[in-house]
Amino acid sequence: MKKIISTFILTVICFFMALPFIFVLMGSTHSSGWMFSIPFDYSFGDSLFVNIASLFRESAFSISLINSILVSFVTSFVGILLIGLASYSFGVYDFKGKKFAFILILILLSVPQYATLTGQLLVINRMGLYSSFLGLVVPFIINIRVFLLLNSHFDTLPKEIFDAARVDGASELEVMKSIGIPLIMDKLIIAAFLLFIASWNNFLIPMLITFDIKTFTLPVFISGIADPLRYDTGKVFIALLIQTLPIILIFSLLNKRLFVIEK
Amino acid sequence: MHAKRYFPYLIVTPFIVFFTIYRVFPFLATLYRSIFVVENSYINFVGFTKYWDVLSDPLFLKSILNTIIIFSVLVVMKFPLLLIVSSLVRESKNKNFFLWIIYLPALIGVFAYAIMYRYLFTYNGMLNDLIMKVFDMKIDFLGNPFFARVVVVVALVWSSLGINVLLLVNGLNRIPLEFMEYAEIEGANTFQKLRYIYIPYSKRLVMTIFLISLIETIGSVVIPLNLTQGGPYQSTYTIGFYMYQQAFQFGDFPKASAAGVLIFAIGLVIVIVLEKRFSYEKDY
């Protein structure tokens, strides 16, 4: 009896957590006007492909989709390289200035992300990165959360194995390549996926620095066409689905592994 | 020996360079912008006048009030839910499935679900139809100041519940098994277990989650922007959204920078004070 009640409560909560997805899924199969149907239509419609076709007919959409994919891949690839190396250095070595840098990183993590929004835009502007592909990548390579996550894993590695390799005559580079990285490979892969998702979802600053359709990303495009009072809602829902689907796929692949890393 | 000395610096340098340029410089630039104003290509030192402008702005005071209200509603809504869900999920057989659904929204971009919510909560939308069927009334979610705040809170809770539940579940796994067995033998029900075992044990974790939620609420820009645009009657202006408005609707960058520095200071003070206060208490 108790089990049934607890499962019931969880199912209700999960239903409400999933409600927006169900809503978007339903909306994407209906033609425009479904939003305003009276009485409300709770079935799935038949204009899924019409919606997809009308979305792809917008040139801005294909451009922003390709941009989004490119930007996310480049950002996560360069990001995992830089963050991986830095977190290895922070976790395995003791060096001058490490404590100071760490405190600075923690401070900047613990204050609201957009507190320095105007300053970030000023810096991006000064470097001439407005409305350019580089502007969508370079400022977002560093992700403090992922850095701390990886650092905590490098921190827990026993130091003796590194010393053992050094005694055997391995150089620092060899130690890193043959011991440090293999030990933490699975975490690095998950971290790369997290970076990908973070870049894929990046919205506010890209919206503020892109004025040209050629450098639109998917979030910027979607926020441009989303308006409940406009009539072509099916298109918006399809775009939202395309925005969320890769994340759901990645998350299904990682599932349990992600839960282990987030300690 | 030389290689060993320089290697850590060598591999950390690219990170530090990017970190300095795109994280530390923006803070300095924000600070600079708030005390120096460029007028007719002259740079004027204006001191704290911009801060005074912000602090004496009725809209800023209102946004502080809004943030407090929104955060209070959030606490009332999130924490009971958090405790219930994490204690139920822990004992559930399909633990991973439920966690999967609850965690998923945390990975969806903030802007995407803010847009989903805007469609879901329209006056003639699906949610109002469901409410109509059950309670025979309609709620003007995005047109009523109180309910607009509630919708913002729902969006905030929806996005962060999964992360927090996971944090709590992983933390609760460290409770000694004997405690639970003993409670079972003594015939404690779920509520008693919640009250006497889970809550005392998870106090520190819950405090951390409280802190993160507070910082998130103060700094939330994207949710008000995409969901309510600060309205109705400026009821969903958070402090973060106030800053955004000053910069990009009114073009007043110095004032926005001053607001940004204030947000930075508020966040830092909250973190330091609460961390100090609660690291003294030894929970277990």
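Protein chains get the first letters and strands the later ones, always in sequence-line order, with residue 1 at the start of each. Owing to the predicted nature of the structure, the values given are computational and were not obtained by experimental measurement.
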At their closest point, which heavy atom of A:A101 faces which heavy atom of B:I16, and how far apart are they?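 What the structure gives for the nearest pair is CB-CD1, 4.4 Å.
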How close do B:G267 and A:P112 get, heavy atom to heavy atom, and via which atoms?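 Shortest heavy-atom contact: CA-CD, 4.3 Å.
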Between the main-chain N or O of [Y] and the side-chain N or O of [X], is there a donor-acceptor pair closer than 3.5 Å?
X      : Y      : result
B:Y9   : A:K96  : yes
A:T116 : B:F27  : no
B:R23  : A:I142 : yes
A:N201 : B:L107 : yes

Is there side-chain contact between [X] and [Y], with at least one heavy-atom pair below 4.5 Å?
X     : Y      : result
A:T11 : B:F98  : yes
B:V12 : A:K98  : no
B:F25 : A:L122 : no
B:F19 : A:F147 : no

Which bit of [X] comes within less than 4.5 Å of chain B, counting heavy atoms only: side chain, backbone, both or neither?
X      : answer
A:I105 : both
A:I13  : side chain
A:I205 : neither

Taking the ring centre of each residue, are B:Y119 and A:F237 less than 6.0 Å apart?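 Between A:F237 and B:Y119, which both carry aromatic rings, the centre distance is below 6.0 Å.
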So which of [options] has the largest heavy-atom pair count under 4.5 angstrom toward chain B?
options               : answer
A:A115, A:S87, A:S171 : A:A115
A:G27, A:A18, A:A86   : A:A86
A:F95, A:W200, A:F140 : A:F95

Please state whether the side chain, the backbone, both or neither of [X] comes within less than 4.5 Å of a heavy atom of chain A.
X      : answer
B:L225 : side chain
B:I266 : neither
B:Y117 : side chain

Between B:V157, B:V169, B:T30, B:I102, who has the most heavy-atom pairs with chain A when the cutoff is under 4.5 Å?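 The residue among B:V157, B:V169, B:T30, B:I102 with the greatest pair count is B:T30.
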Quick check on the interface: out of B:L262, B:V271, B:I115, who has the most heavy-atom pairs with chain A under 4.5 Å?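 Between B:L262, B:V271, B:I115, the count favours B:I115.
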Does a side chain donor of either B:S257 or A:T118 reach within less than 3.5 Å of an acceptor in the other side chain?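 Yes, A:T118 and B:S257 have a side-chain donor paired with an acceptor closer than 3.5 Å.
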Plane angle bin for A:Y93 and B:F7 - parallel if under 30°, tilted between 30 and 60°, otherwise perpendicular: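 If you compare the ring of B:F7 with that of A:Y93, the planes turn out perpendicular.
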From CA spacing to verdict: ring-ring contact (aromatic ring centres under 6.0 Å, His included), B:Y103, A:F251: CA-CA 9 Å; B:Y103 195 84; A:F251 185 44; 5.5 Å; yes
